[in-house]
Amino acid sequence: QVQLVESGGGLVQTGESLRLSCAASGSVSSIFGMGWQRQGPGNQRLLVARISSGGDTNYGDSVKGRFVLSRDIAKNTVYLQMNHLTPEDTAVYYCFLAQPGGITWGQGTQVTVSS
């Protein structure tokens, strides 16, 4: 079984930055990819960023050019550097890990951006 531990959320002001981390432990093998989705108040959960096993990254349209997803393979950890944050980025951010057996989700971390 895989466990995901997220950290780095918090309250910031418009224009500031945050870095989220997601560390996977347990039965971590044959990873298809890892990444983040987010769910704002009253909104559906949407892709923020993901990275494939080969290192290819994809970003949601609203964060392209502002967010950067990276990984430390040895630590089974991904990092989401979020820059130029706006109130529209306020959401619960969920880490996910995709493997042949399915997708594991983190518990979510709150990011709040004040205007």
Side-chain angles (χ1 to χ4, degrees):
Q1 195 165 359
V2 176
Q3 295 81 41
L4 300 178
V5 178
E6 303 153 334
S7 61
L11 172 65
V12 295
Q13 295 185 334
T14 297
E16 294 185 339
S17 300
L18 275 176
R19 190 176 84 152
L20 305 182
S21 300
C22 175
S25 62
S27 301
V28 181
S29 63
S30 301
I31 297 175
F32 288 150
M34 291 183 70
W36 295 87
Q37 291 192 354
R38 70 185 183 185
Q39 187 167 18
N43 297 330
Q44 62 181 343
R45 194 177 294 192
L46 297 174
L47 175 71
V48 177
R50 64 184 169 208
I51 186 165
S52 71
S53 58
D56 296 324
T57 53
N58 297 97
Y59 295 92
D61 288 341
S62 62
V63 306
K64 285 180 181 177
R66 299 188 298 124
F67 291 11
V68 179
L69 183 66
S70 61
R71 67 180 178 180
D72 185 328
I73 294 176
K75 296 181 179 180
N76 288 320
T77 299
V78 292
Y79 305 95
L80 183 67
Q81 179 65 43
M82 305 185 294
N83 302 316
H84 306 294
L85 287 162
T86 74
E88 287 68 38
D89 296 313
T90 294
V92 179
Y93 286 68
Y94 296 92
C95 177
F96 66 88
L97 183 151
Q99 294 177 286
I103 298 176
T104 301
W105 294 94
Q107 79 281 3
T109 185
Q110 177 71 45
V111 172
T112 302
V113 185
S114 64
S115 58

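For the numbers below, each heavy atom of this structure counts, side chains included, while hydrogens, waters and symmetry mates do not. Everything quoted here is computed from the prediction, not taken from an experiment.
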Check [X] against [Y] and note the closest heavy-atom contact, atom names and distance.
{"X": "V111", "Y": "L20", "answer": "CG2-CD2, 4.1 Å"}
{"X": "L80", "Y": "A49", "answer": "CD1-CB, 4.2 Å"}
{"X": "T104", "Y": "L4", "answer": "O-CD1, 3.3 Å"}
{"X": "V92", "Y": "G108", "answer": "CG1-CA, 3.8 Å"}
{"X": "L97", "Y": "I31", "answer": "CD1-CD1, 4.0 Å"}
{"X": "L18", "Y": "G9", "answer": "CD1-C, 4.5 Å"}

Could you measure the distance from the [atom1] atom of [X] to the [atom2] atom of [Y]? Nearest 0.5 Å is fine.
{"X": "M34", "Y": "F96", "atom1": "CE", "atom2": "CZ", "answer": "9.0 Å"}
{"X": "I103", "Y": "Y94", "atom1": "CD1", "atom2": "OH", "answer": "15.0 Å"}
{"X": "C22", "Y": "R71", "atom1": "SG", "atom2": "CZ", "answer": "13.5 Å"}
{"X": "Q1", "Y": "S27", "atom1": "CD", "atom2": "OG", "answer": "8.0 Å"}
{"X": "R38", "Y": "R45", "atom1": "CZ", "atom2": "CZ", "answer": "13.0 Å"}
{"X": "N58", "Y": "R50", "atom1": "CG", "atom2": "CZ", "answer": "5.0 Å"}

* To do: State whether the side chain of S21 and the backbone N or O of Y79 hold a donor-acceptor pair below 3.5 Å, judged by distance alone.
  =>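 Not a single qualifying donor-acceptor pair exists.
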* Does the E88 side chain pair with the main chain of S62, one donor and one acceptor, at a distance under 3.5 Å? -> no
* **Verdict with reasoning, Y59 to R66, per side-chain contact (heavy atoms from CB on, under 4.5 Å)** => CA-CA 10 Å; Y59 295 92; R66 299 188 298 124; over 6 Å; no
Do [X] and [Y] have side-chain heavy atoms sitting under 4.5 Å apart?
{"X": "Q37", "Y": "W105", "value": "yes"}
{"X": "S53", "Y": "F32", "value": "no"}
{"X": "Q99", "Y": "S30", "value": "no"}
{"X": "V12", "Y": "S17", "value": "no"}
{"X": "M82", "Y": "V48", "value": "no"}

* Verify the cluster assignment for L69 and L47: are they in a single hydrophobic cluster under the rule of side-chain heavy atoms below 4.5 Å apart? => no
* To do: Indicate, with yes or no, if V78 and V5 share a hydrophobic cluster defined by side-chain heavy-atom contacts under 4.5 Å among Ile, Leu, Val, Met, Phe, Trp and Tyr.
  => no
* Is there a side-chain contact (heavy atoms from CB on, under 4.5 Å) between L85 and Q13 once you walk through the steps? -> CA-CA 8 Å; L85 287 162; Q13 295 185 334; over 6 Å; no
* To do: List for me each residue that meets side-chain hydrogen bond (donor to acceptor under 3.5 Å, both in side chains) alongside S52, sequence neighbours excluded, and say none if there are none.
  =>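 side-chain hydrogen bond (donor to acceptor under 3.5 Å, both in side chains) list for S52, sorted by chain: empty.
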* Specify whether F67 and Y93 have parallel, tilted or perpendicular ring planes, treating 30° as the upper limit for parallel and 60° as the lower limit for perpendicular. =>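 F67 vs Y93 ring planes: tilted.
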